[in-house]
Amino acid sequence: QVRLVESGGGSVQAGGSLRLSCAASGYTFSRYCMGWFRQAPGKERDGIAIFYPDGGSTYYADSVKGRFTISQDNAKNTLSLQMNSLKPDDTAMYYCAATTVSRWSRGRPLCTETPNDYNYWGQGTQVTVSS
């Protein structure tokens, strides 16, 4: 059974950093699209960083590009999100999610940042950034 467990959230002042981790179990890590999503109160859940199972391709939403870095440790089955230069607008519940690769292009996996495309979700970890 696929299980995702996030950790590392907390409260930080603007300009600070946090590192989120997602421990995954129950499946072969390298065959899944994995990503970080966030949802602020009253807003939709958005995909902010995606890691492709092709050896390192990534996607970042414009709102976090240049500040956040997604990485994956296959040996430890862990997905991480390093968040730097945090802003109050980054305040949200952050979720780790995974889905099997269902589309390929020229032998390379295609992943999306659309929450509805992801089958497996962690419980979330809260990130609060104060000004």
Side-chain angles (χ1 to χ4, degrees):
Q1 183 176 354
V2 175
R3 186 167 183 242
L4 302 173
V5 180
E6 301 98 335
S7 60
S11 297
V12 66
Q13 288 191 328
S17 298
L18 283 173
R19 185 175 181 86
L20 305 183
S21 293
C22 174
S25 60
Y27 65 98
T28 303
F29 211 54
S30 60
R31 298 180 183 176
Y32 282 64
C33 299
M34 295 199 68
W36 288 96
F37 298 75
R38 68 183 182 187
Q39 187 168 20
K43 295 187 177 181
E44 294 184 349
R45 188 173 299 188
D46 293 323
I48 57 170
I50 307 297
F51 197 96
Y52 287 52
D54 63 355
S57 298
T58 55
Y59 159 86
Y60 293 98
D62 288 343
S63 58
V64 305
K65 198 173 294 183
R67 299 187 297 123
F68 291 10
T69 302
I70 188 172
S71 61
Q72 183 171 293
D73 186 332
N74 287 338
K76 297 181 179 180
N77 270 19
T78 300
L79 185 74
S80 298
L81 185 67
Q82 178 66 41
M83 306 187 295
N84 298 329
S85 302
L86 284 161
K87 306 174 182 179
D89 285 348
D90 295 317
T91 295
M93 184 70 80
Y94 283 69
Y95 299 90
C96 170
T99 190
T100 54
V101 176
S102 60
R103 294 183 296 164
W104 299 79
S105 176
R106 300 179 180 178
R108 301 189 66 184
L110 296 180
C111 300
T112 79
E113 68 275 15
T114 305
N116 285 346
D117 290 343
Y118 286 75
N119 307 111
Y120 306 102
W121 293 85
Q123 82 287 353
T125 185
Q126 178 68 37
V127 171
T128 302
V129 184
S130 58
S131 58

For this session: Dump the intermediate steps for side-chain contact (heavy atoms from CB on, under 4.5 Å) on Leu20 and Met83, then the final yes or no.
Result: CA-CA 8 Å; Leu20 305 183; Met83 306 187 295; 3.7 Å; yes
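- By the rule that hydrophobic residues join a cluster once side-chain heavy atoms approach within less than 4.5 Å of another member, Val2 and Phe51 end up as members of one cluster.
- Taking OG1 from Thr91 and CD from Gln126, the interatomic distance works out to 7.5 Å, rounded to the nearest 0.5 Å.
- Note that CG of Asp73 is 12.5 Å distant from SG of Cys22, once rounded to the nearest 0.5 Å.
- When every heavy atom of Gly8 is checked against every heavy atom of Leu18, the shortest pair comes out as O-CD2, 4.0 Å.
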Problem set entry | Verdict with reasoning, Ser63 to Arg38, per side-chain contact (heavy atoms from CB on, under 4.5 Å) | CA-CA 12 Å; Ser63 58; Arg38 68 183 182 187; 3.5 Å; yes
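- Annotation: side chain of Arg3 is in contact with side chain of Ser25 (closest heavy-atom distance under 4.5 Å).
- With rounding to the nearest 0.5 angstrom, the CG atom of Asp89 is 11.0 Å from the CG atom of Leu86.
- Both Met93 and Tyr118 sit in one connected hydrophobic cluster of ILVMFWY residues. Membership requires side-chain heavy atoms under 4.5 Å apart, directly or through other members.
- Atoms OH and OG1, on Tyr60 and Thr69 in that order, are 4.5 Å from each other to the nearest 0.5 Å.
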Exercise. Given the rule in the side-chain contact (heavy atoms from CB on, under 4.5 Å) test, do Gln72 and Asn74 qualify, once you have shown the distances and angles that lead to the verdict?
Worked result: CA-CA 6 Å; Gln72 183 171 293; Asn74 287 338; 2.8 Å; yes
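- Pairs of residues two or more places apart, or lying in two chains, that qualify as disulfide bond (SG atoms under 2.5 Å apart) and include a residue from residues 30-87 are Cys33-Cys111.
- One distance of note links CD of Glu44 with CD of Gln39; it measures 8.5 Å at 0.5 Å rounding.
- For Gln123, the CD atom is densely surrounded, since the number of other residues' heavy atoms within 6.0 Å is greater than 12.
- Closest non-hydrogen pair, Thr99 versus Asp117, comes out as OG1-O, 2.9 Å.
- Cys96 and Leu4 make their closest contact through O-CD1, 3.7 Å (heavy atoms, listed as atom of the first residue, atom of the second, distance).
- A ring-ring contact (aromatic ring centres under 6.0 Å, His included) with Phe37 is found for one member of Tyr59, Tyr94, Trp121, Tyr95 and no other, namely Trp121.
- A donor-acceptor pair under 3.5 Å is absent between the side-chain atoms of Thr114 and the main chain of Thr112, judged by distance alone.
- Minimum heavy-atom separation, Ser71 to Arg19: OG-NH2, 3.8 Å.
- Considering Leu79, Ile50, Val64 as possible partners of Trp36, the one that fulfils the side-chain contact (heavy atoms from CB on, under 4.5 Å) test is Leu79.
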For this session: Tell me, with the steps shown, if Asp90 and Lys87 meet salt bridge (Lys or Arg N to Asp or Glu O under 4.0 Å).
Result: CA-CA 5 Å; Asp90 295 317; Lys87 306 174 182 179; over 6 Å; no
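- The nearest pair of heavy atoms linking Ser131 to Ala14 is CA-CB, 4.3 Å.
- Under the 4.5 Å side-chain criterion, counting only non-hydrogen atoms from C-beta, Tyr32 is in contact with Tyr120.
- Judged purely by atom type and a 3.5 angstrom limit, Arg103 has no side-chain atom pairing as donor or acceptor with the backbone of Leu110.
- Minimum heavy-atom separation, Ala49 to Leu81: CB-CD1, 3.9 Å.
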